[in-house]
2 protein chains.
Amino acid sequence: MYVVVMSSTALHEPTFLILAALAEGRKHGYGLIAEAEALSDGRVTLRVATLYTALDRLRKEGLIAPAGEEVIDGRLRRYYELTDEGAATLTQEITRMEQLAARATIRLQHRPGFAFGWAGGAWA
Amino acid sequence: MYVVVMSSTALHEPTFLILAALAEGRKHGYGLIAEAEALSDGRVTLRVATLYTALDRLRKEGLIAPAGEEVIDGRLRRYYELTDEGAATLTQEITRMEQLAARATIRLQHRPGFAFGWAGGAWA
DNA sequence: TCGATATGTATCGGTGACTGATGTATGTTG
DNA sequence: CAACATACATCAGTCACCGATACATATCGA
């Protein structure tokens, strides 16, 4: 009998951005930094310390896997790719975010004094 | 001249749930625990240590404010409510989550080997 | 009546993800 | 030739979260 392990703990933003950046295909460390910055409209700059510790952690968890090494212009690139489990985790995280965002939006619209989008929004 | 302070750091899930739970109106500590559990379909149980340290932090940051105390059945209830700044932060966080979720979804659909939803989904 | 459970507040110490600083090496640019 | 960009990596510190614990009152079942 199998037991499905539900981690259920929400991903932190840097971790989410790494998985999302890898969804398109394999990338190396510095490529991930650029992709995460693009994904967040320049809001988030992945720090190298965050990146490499996260890559190591995610690899141990089986969400990503090494996908070859190349030397470009004399510099080593270590590539990573999403595993099927990583893609599943990302999908689950997306669902969580969408659902929470939708529910929070509804509650905000029920907020006492909510202005309904126009100035001085009283019913009369 | 005003400078808009962009915190830009993503909220952690417990913190987000507290703000979202308060969006409807004022609530007290244990009410927030119940509401957070409902918001997350029972996935997240706010821990009291997390709750009270978060309430204190959010109050200092001006995102929430005390909203009265009552004694119900001999037990004290301390109520909190969202400030306008807290509502703005929550709105911003919702936008962030929706945008990242949408972009991650697109990248997942571009994933090498993506099955397009049907079994053995090859074109040939 | 008495222990267990639920409600309600709060603190302490530990864990883990993130981050600033720093290190090493090579290629490019002014 | 110095500065900068690319590319790898580690260490120590911070901070939100969390398990454990504490205290008080009300309720419920044996």
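These numbers come from a predicted model, not from an experiment.
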Looking only at side-chain atoms of A/His12, point me to the closest of C/dA17, C/dG8, C/dT19. C/dA17
For C/dA17, take OP1 and OP2 only and decide whether either is under 4.0 Å from a side-chain N or O of A/Thr53. no
Would you mind telling me which of C/dC18, C/dG8, C/dC12 lies closest to the side-chain atoms of B/Tyr52? C/dG8
Integer-rounded Å distance: C/dC12 C1' and B/Asp56 CG: 15 Å
Is B/Arg107 salt-bridged to A/Glu35, cutoff N-O under 4.0 Å? yes
Between A/Glu81 and B/Arg111 (salt bridge meaning N to carboxylate O under 4.0 Å), is one present in this structure? no
Write down the atom of B/Leu55, the atom of B/Tyr80, and the distance for their closest heavy-atom approach. CD1-CE1, 3.7 Å
With a cut-off of less than 4.0 Å, is there a side-chain N or O of A/Arg57 near OP1 or OP2 of C/dA17? yes
Does B/Thr105 reach the main-chain N or O of B/Ala101 with its side chain, forming a donor-acceptor pair under 3.5 Å? yes
Electrostatic pair B/Asp41:A/Arg96 at N-O distance under 4.0 angstrom: no
Heavy atoms of chain B, cut-off under 4.0 Å: which first and last nucleotide of DNA chain D, 5' to 3', fall inside that, if you could look? D/dA16 to D/dA26
Once rounded to the nearest 0.5 Å, what's the spacing between atom OH of B/Tyr79 and atom CD of B/Glu69? 11.0 Å
Both B/Thr45 and B/Arg75 contact DNA chain D. Taking the nearest nucleotide for each, which residue is further toward the 5' end? B/Thr45
Between the base of C/dT9 and the side chain of B/Arg78, is there a donor and acceptor pair under 3.5 angstrom? no
Which residue, A/Glu61 or A/Asp73, contacts DNA chain C at a nucleotide closer to its 5' end, judged by nearest heavy atom? A/Glu61
Hey, is B/Arg77 close enough to B/Glu70 for a salt bridge, meaning N to O under 4.0 Å? no
Side-chain contact check for A/Thr15: nearest option of C/dA17, C/dT11, C/dT19 is C/dA17
Rounded to the nearest 0.5 Å, what separation is found between the OG1 atom of B/Thr89 and the CG atom of B/Leu19? 7.0 Å
Could you check whether any side-chain heavy atom of A/Ile94 comes within less than 4.5 Å of a side-chain heavy atom of B/Leu108, counting everything from C-beta outward? yes
Tell me, which of residues 23-38 of chain B have any heavy atom that sits under 4.0 Å from an atom in DNA chain C? B/His28, B/Gly29, B/Tyr30
